[in-house]
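Here is the structure we will look at.
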Amino acid sequence: MIKRTHNCGQLRAGDTGSKVSLCGWVDSYRDHGNLVFIDLRDRYGITQLVFNPETQPEMHRLSRQLRCEWVLGASGTVRMRGEGLTNPKLPTGEIEVLIDQLEVLNTAKTPPFELDNAGSVDEELRLKHRYIDLRRPEMQNKLEVRHRVTKITRDFYDSEGFWEIETPFLGKSTPEGARDFLVPSRLCIGEFYALPQSPQLFKQVLMISGIDRYFQIVRCFRDEDPRADRQAEFTQIDVEMSFVDSDDVIDVNERLVARIFKEILGIDVKVPIRRMSYRQAMDDYGIDRPDLRFDMKLKNISEIAAQSQFKVFIDTVGRGGVVKGFCAPGGGKFSRSDIEKTFTNFAADYGAKGLAWFKVVADEQAKKADLASSIAKFFSPQQKQQIIETFDAKPNDLILLIADTMDAANKALAPLRIKLAKELDMIDENVYEFVWIVDFPLFEWNEKDNRYDSLHHPFTAPVPQDLEKLDTDPASIRSQAYDIVVNGSEIGGGSVRIHQPDKQAKVFKLLNISDTQAQERFGFFLQALKYGAPPHGGIAFGLDRLVMLLTRTDNIRDVIAFPKTQKGQCLLTDAPSEVEQSQLDDLNLRTQTHH
RNA sequence: GGGGCCGUAGCUCAAUUUGGUUAGAGCAUCGGACUGUCGAUCCGAAGGUUGAGGGUUCGAGCCCCUUCGGCCUCGCCA
């Protein structure tokens, strides 16, 4: 077998005259009857091979049999291409290799799709033949970025004194949070492991064990419906530190983020990254992961709206709701039908019951802006001016408003704001706007179950000053949690944890978790807390989303080598699949169809 | 569980106002030609159960029902 001396992205003019051997796949094939050109491809690049019938008739004859994606070993001499024959698109484009020995290492069936325009090929087909899809430089680049990010991460945490420690995949199911993937136990009949949704409690136990600083690049599993940026199995960069407060955790980890963006994209992330309170994020952007690449803040005009003659607004504010919205610069170009069909339907998808709008028009006579809309008649000239001032609106802008409870209004306005920004081309794709969201509420009230839920998770510590409100006003307690957000995408989140057993017990109580339940689910952990738990905190980054940002894709499957479809199937291997009856017998399981 | 978009040759797409001869094109494939190409070019050939099943009709890629699959999304994701 021909062993390669170089790879296909390596040879340059300086190698002229060298005897070399290359291995790779036939990327393209150009037969001129006499001369034959082969572009040979491997992970590193493409090099042109030449077969000349005059000097090497035997090899030339053989070369004419070659086909795309065949696997070759080839030896020959590097030579400069002639004047005007270089290919500036290739790093190796100044040279070519004149082949005197060719070995077909393997033939290949014609690929089911062409590699060079696979971007427009049905993704289903790419997933079925993932081995071919992953030959494409575009996909290999994403895999490489992912590799480099994990490498940087390991080097960084190592240099900061963190140890990488593995935690179990076969764990204990806890009904909180997402649905668990269950694994039946053979030895304990009728019992199940759960695959981890995150190593949360194990990493806290490691702190109690005095490990001091831990990290892990770890697979996590959540059995929920996938999305464009969500897979049932995904990877976290999981971190925990002892004897720290939030500032310590934030400091170390934003330096990692800055290093990754510097090394991968050459972007300088200003450290410290700015911080924004949860309250402000919700007020100004309607969401706890604001996209700060553009402004277009939300404004609350409830007071003005309540004074108007518009019944929907008056009633909503009267019931304690709000009238809130934003002003889209240049949005005046949208037709009434754009607004009342497209945007209203869009908002309705997010639960909005309606969408009010004003076009800002120039009043030539008064030499100032005015509002035009089917509901403009319900507003006095003064009220209209107040609205224009509130939004700092200019002629040809579009003001969009939703009247509802604060939560409901925010829920629809946040995605609507993004949609308008995209429609109006307000987003610079080359910009990365980082922000830490801090001062989250510890709890949110769960109307349905008549109890509080953790906004983050039940092990998050309250801010010390708010501690006394645990008994009196739980809803107003802030937590020591922090999320890092880039361009509207949450790439990481964490908190300082509760390290005192009595406070942990109190929080469980507010979450309506009984002592018995707490013992069943987290007994081992409550026990561990009693044996000298240090103050500690940590964070977890979503590696997949981070790599998505770094490779500028909005499809999580593009950054996972072997991803699954929306039904959680692997089209390459055809998992999940039925199993042998004997396997079920071993597990004492019986299947049934229902519904 | 709900909503939306999609499925025609190996791939990407066409196929005329509810329907009307033999379902077309580009790329890929196969064969031939060609001394310098690099998305080679030129000539030719082959390639189809229109995702599947049923229905309406004289006639269905097109209309109706069922079903399978993919993507986006709401719910869900402590």
Side-chain angles (χ1 to χ4, degrees), chain A residues 27-40 46-55 60 64 67-69 79 81-90 92-93 96 98 109-129 132 174-180 197-198 200-201 220-232 234 345-352 411-412 415 442-444 446 448 451-460 479 481 490 493 495 507-508 511 513 521-522 542 554-557 564-567 569 571 595:
Chain A
D27 193 66
S28 83
Y29 166 90
R30 295 178 295 279
D31 182 353
H32 283 249
N34 276 300
L35 288 181
V36 170
F37 300 97
I38 299 284
D39 285 346
L40 196 68
I46 286 176
T47 300
Q48 175 166 286
L49 313 182
V50 190
F51 295 85
N52 189 321
E54 285 165 16
T55 57
H60 177 260
R64 302 191 76 178
R67 292 295 178 266
C68 278
E69 299 307 314
R79 67 179 192 191
R81 300 194 190 182
E83 194 74 25
L85 300 175
T86 58
N87 185 350
K89 289 186 219 160
L90 295 180
T92 62
E96 63 192 5
L98 181 63
K109 289 178 68 177
T110 303
F113 54 89
E114 292 159 63
L115 270 69
D116 49 359
N117 55 17
S120 57
V121 169
D122 192 4
E123 196 179 0
E124 195 176 350
L125 194 70
R126 290 172 49 207
L127 292 175
K128 243 175 221 155
H129 302 275
I132 294 169
T174 53
E176 262 95 41
R179 191 178 296 109
D180 282 326
Q197 295 181 26
S198 82
Q200 183 60 37
L201 290 179
C220 301
F221 306 86
R222 294 178 189 176
D223 190 5
E224 301 290 352
D225 289 3
R227 285 288 186 278
D229 63 350
R230 224 165 69 186
Q231 283 263 303
F234 62 100
N345 287 344
F346 181 84
D349 284 345
Y350 295 89
K411 209 161 188 184
L442 188 61
F443 302 114
E444 58 184 350
N446 181 333
K448 200 177 75 184
R451 61 150 202 255
Y452 287 101
D453 281 340
S454 293
L455 201 71
H456 200 62
H457 59 56
F459 315 104
T460 302
S479 73
E490 185 211 315
S495 64
V507 167
F508 280 149
L511 296 171
I513 299 173
R521 294 174 199 173
F522 315 113
D554 50 12
N555 178 352
I556 194 172
R557 295 177 298 280
K564 295 185 172 55
T565 66
Q566 282 224 319
K567 289 189 71 186
Q569 293 175 310
L571 298 181
H595 300 321

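Below, read A as the first sequence line, B as the second, and so on, with proteins coming before strands; counting in each chain starts at 1.
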From the options [options], select the nucleotide whose nearest atom is closest to the side chain of [X].
X	options	answer
A:Ser28	B:rU35, B:rA28, B:rA40	B:rA40
A:Asp225	B:rC34, B:rG36, B:rC74	B:rC74
A:Gln566	B:rG10, B:rC72, B:rG69	B:rC72
A:Leu85	B:rC27, B:rC34, B:rG36	B:rG36

Could you give the distance separating [M] and [N] at their [atom1] atoms, to the nearest angstrom?
N	M	atom1	value
B:rC30	B:rA40	P	14 Å
B:rC6	B:rA23	P	25 Å
B:rU22	B:rA60	P	11 Å

Taking 4.0 Å as the cut-off, does a side-chain nitrogen or oxygen of [X] come that near to OP1 or OP2 on [N]?
X	N	result
A:Arg557	B:rC72	yes
A:Lys128	B:rG70	no
A:Asn87	B:rC38	no
A:Arg179	B:rA78	no
A:Arg67	B:rA28	no
A:Arg30	B:rA40	yes
A:Gln569	B:rG70	yes
A:Lys109	B:rA28	no

- Task: Under a 3.5 Å limit for both distances, which nucleotide forms a Watson-Crick or G-U wobble pair with B:rU16, could you say?
- Result: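 Looking at the geometry, B:rU16 pairs with no nucleotide.
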- Message: Both distances below 3.5 Å, Watson-Crick or wobble geometry, any strand: find the nucleotide opposite B:rC5.
- Response: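 Pairing partner: B:rG70.
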- Message: Quick check: on RNA chain B, is the nucleotide nearest A:Asp122 upstream (toward 5') of the one nearest A:Ala228, or the reverse? Name the residue that is more 5'.
- Response: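 The answer here is A:Asp122.
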- Query: Is there aromatic stacking of A:Phe113 against B:rC11, centre distance under 5.5 Å, plane angle under 30°?
  - Reply: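 The base of B:rC11 is not stacked with A:Phe113 (the test needs centres under 5.5 Å and planes under 30°).
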- Query: Once you round it to whole Å, what is the distance between C1' of B:rC74 and CD of A:Glu224?
  - Reply: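 So the CD-C1' distance, A:Glu224 to B:rC74, works out to 14 Å.
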